[in-house]
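Here's the structure we're looking at; comments come further down.
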2 protein chains.
Amino acid sequence: MANLQDVAKAAGVSKTTVSRFLNGSLELPDRTVQQIETAIRALNYVPNPHARRLSLGRSDTVALVVPDIATPFFATFVSAVEEAADARGLTLALHATLNRSRREMKYLDFIAHGHADGLIFVTNHASDAAVAAKINAAGRCVVVDEDVVGAEVPKLFCDNLQGGALAGRHLAEAGHRHVLFVGGVEEMISGARRYQGFRRGFEQCAGPQARIDRICGQYTYEAGHAAARRFLQSDPRPTAIFASSDELAIGTLEVLREAGVSVPREVSLIGFDDVGPLHLFAPAITAVRQPVRDLGRRALELVFDSDWKDREKLHSEELLPVRLIARESVAPPIRTT
Amino acid sequence: MANLQDVAKAAGVSKTTVSRFLNGSLELPDRTVQQIETAIRALNYVPNPHARRLSLGRSDTVALVVPDIATPFFATFVSAVEEAADARGLTLALHATLNRSRREMKYLDFIAHGHADGLIFVTNHASDAAVAAKINAAGRCVVVDEDVVGAEVPKLFCDNLQGGALAGRHLAEAGHRHVLFVGGVEEMISGARRYQGFRRGFEQCAGPQARIDRICGQYTYEAGHAAARRFLQSDPRPTAIFASSDELAIGTLEVLREAGVSVPREVSLIGFDDVGPLHLFAPAITAVRQPVRDLGRRALELVFDSDWKDREKLHSEELLPVRLIARESVAPPIRTT
DNA sequence: GCGATCTTGTGAACCGGTTTAGTAAACTAG
DNA sequence: CTAGTTTACTAAACCGGTTCACAAGATCGC
């Protein structure tokens, strides 16, 4: 592999000249330009990325830390971030934490130690003070999708409050008065906001007879199964379920179907996320759609376009709008009379 | 940020000593060890990754090049590679090509220029001689999932022949004699092998009345729609469909359902991949399952455990076994009599 | 008592860029 | 004709590690 020195020698100039020419910090007469360009082509010269990074003190890399990669939501998110990173000439370093604080901390150190110029941090569990402290110490880190309390950095979420409210109103408008909210673990801010919004929207619309049951767990298929099983045993049964993630909705539907409970005839179902092929299920599932790709794009902008010197203004919170996609899984409740 | 020099000074030894001690190439008496360790802790020293990489001439990074990240198949694959990479202390650099040769070539250059120590290359379109040439020039690159003709590197595929055969025999054994094969673009090796295996398995089992129709397109929902529409117009209609990817199967099912064609009563359906929640569809879709996570794990092993000096032995091809997951979407054909 | 060997290191080169500070030569203005 | 400016470049330091080649002092065998 040819290096800058080789190019300089072949072009009859010094290293400095070639380097500065390539970086645009030096104007040169045509003849010299041509000599350099000829040398570069002849030697097939490409700058050594490690030398460059050492010298410049940056890595041209964004680290992306997510709980998991394989789920549709995160896969879509990762895809959007990669696209935005590539557009800026950045490499994406991808890390999965499997929702473990240890790993989260490890990857947060990565950026502090220079492995990446910026970090997009997504967690999926209740806030952890140690993680928050590391985030604050890491520099150039943004928190996305799920809040980390105590972290004073730019934050980007979907409008979970609005999303919950849309779902609540939708069910109330269809005539439901007794509904079940299936959420993530109770300590998670996103879930809490969805619940809060749901409750507000539902109660505002359904009036004084409104009744909401609530089951909390993980955002997984299994938790969906468990919730549906508890639903089946409950008496009286709610007439509609708001499952606050795709996985929960799918898991719920799976158990309902096995039990022979017809959706939406016997129970209505509404999901959240809408990144999987919910429209292909039987019935097609009504859901609140998160703008996942926007989330990814915007996250990258926040990392690289924020003013990181001004610690005061950093601690911001941005919400992206969600909308309801109405399909076939919500219908008026059966008359129990 | 403290550097090696600072640590050396604080410990009262030289840079060399600290470096060699940390890399295990120098035995030291307890007293010195303690001085060094104290200094490291006091200064919170962590080696600068860029300096390390420049000096060592490696990047501790694997590049993973895939057509897309957001589809369940690739997302699962990426997840498995990341897990395996992390276990080896490697960082994963993820790149999406969106199936464009330009981008594929660009990322193949990445490894040649030292951005990564190895590259796992996955394409999704017909072989391209220019791409093959770059792969051969890149060094430490393995080709996974879809063949690139002309590339003389380790290759890793699922046993598409066997997978096709399993599907073919399954349909034949259910009594079908006229079936439709929905495949990817005709030039893709993986698809060709699936067809070849399907044909062999089906004909061997179904005997002389066996008849196979074939539709080719992309591995997308849309292609599944198109194939199903053509299926609906065909006369006589095949009694079963083998859709050779999850997307094709889902797309096909979607159109069939809209058209009111009952699966499996009026037509049987069998899929391929089985990484999405095929078991949740109505009906649950029978499919050939690819061992996607094994594919990822093994790909990483091939990159880092192959002997890259011996160009002769490199050009190998490894097949991972697949199996059939029987669910509800295959039934005997209706008697036309 | 003396060379050999072991212990415990070290100085300086090297990886391949970027950048600061500065210079020789040509040109311009008065 | 000369001082001042512009053009066209460069030497050397720097980023922060790794490693080759070598060495001072202690110990050991005979």
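All chains are named by letter (A, B, ...) in the order of the sequence lines, taking the proteins before the strands, and each is independently numbered beginning at 1.
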Checklist entry - In this structure, are over 12 heavy atoms from other groups packed under 6.0 Å from B:E317 atom CD? => result yes
Checklist outcome for this item: Its contact letters, B for base, S for sugar-phosphate only and - for none at protein heavy atoms under 4.0 Å, make nucleotides 14-21 of chain C read -BBBBBBB
Checklist outcome for this item: In whole angstroms, the gap separating P of D:dT7 from CZ of A:F21 amounts to 17 Å
Next on the checklist: Working to the nearest 0.5 angstrom, can you tell me the gap between A:L28 CG and A:I36 CD1?
Outcome noted: 5.0 Å
Next on the checklist: Looking only at the side chains, is there a donor atom on one of A:S79 and A:R293 sitting less than 3.5 Å from an acceptor on the other?
Outcome noted: yes
Item to check | Length of the CD-C1' vector between B:E27 and C:dG9, whole Å | outcome: 13 Å
Item to check | CZ-OG distance between A:R20 and A:S25, expressed to the nearest 0.5 angstrom | outcome: 4.0 Å
Next on the checklist: Apply ring-ring contact (aromatic ring centres under 6.0 Å, His included) to residues A:Y107 and A:F110 and explain how you reach the verdict.
Outcome noted: CA-CA 5 Å; A:Y107 296 127; A:F110 255 59; 5.8 Å; yes
Checklist outcome for this item: Here the residues of residues 28-40 of chain A within 4.0 Å heavy-atom distance, strictly under, of DNA chain D are A:L28, A:P29, A:T32
Checklist entry - Once you round to the nearest 0.5 Å, how far does CG of A:L98 lie from CD of B:E83? => result 6.5 Å
Checklist entry - Whole Å only: how far is the CG atom of B:L26 from the P atom of D:dT18? => result 13 Å
Checklist entry - Do the side chain of B:N44 and the main chain of B:R41 share a donor and acceptor less than 3.5 angstrom apart? => result no
Checklist entry - Any side-chain heavy atom of A:L295 within less than 4.5 Å of one from A:F157? => result no
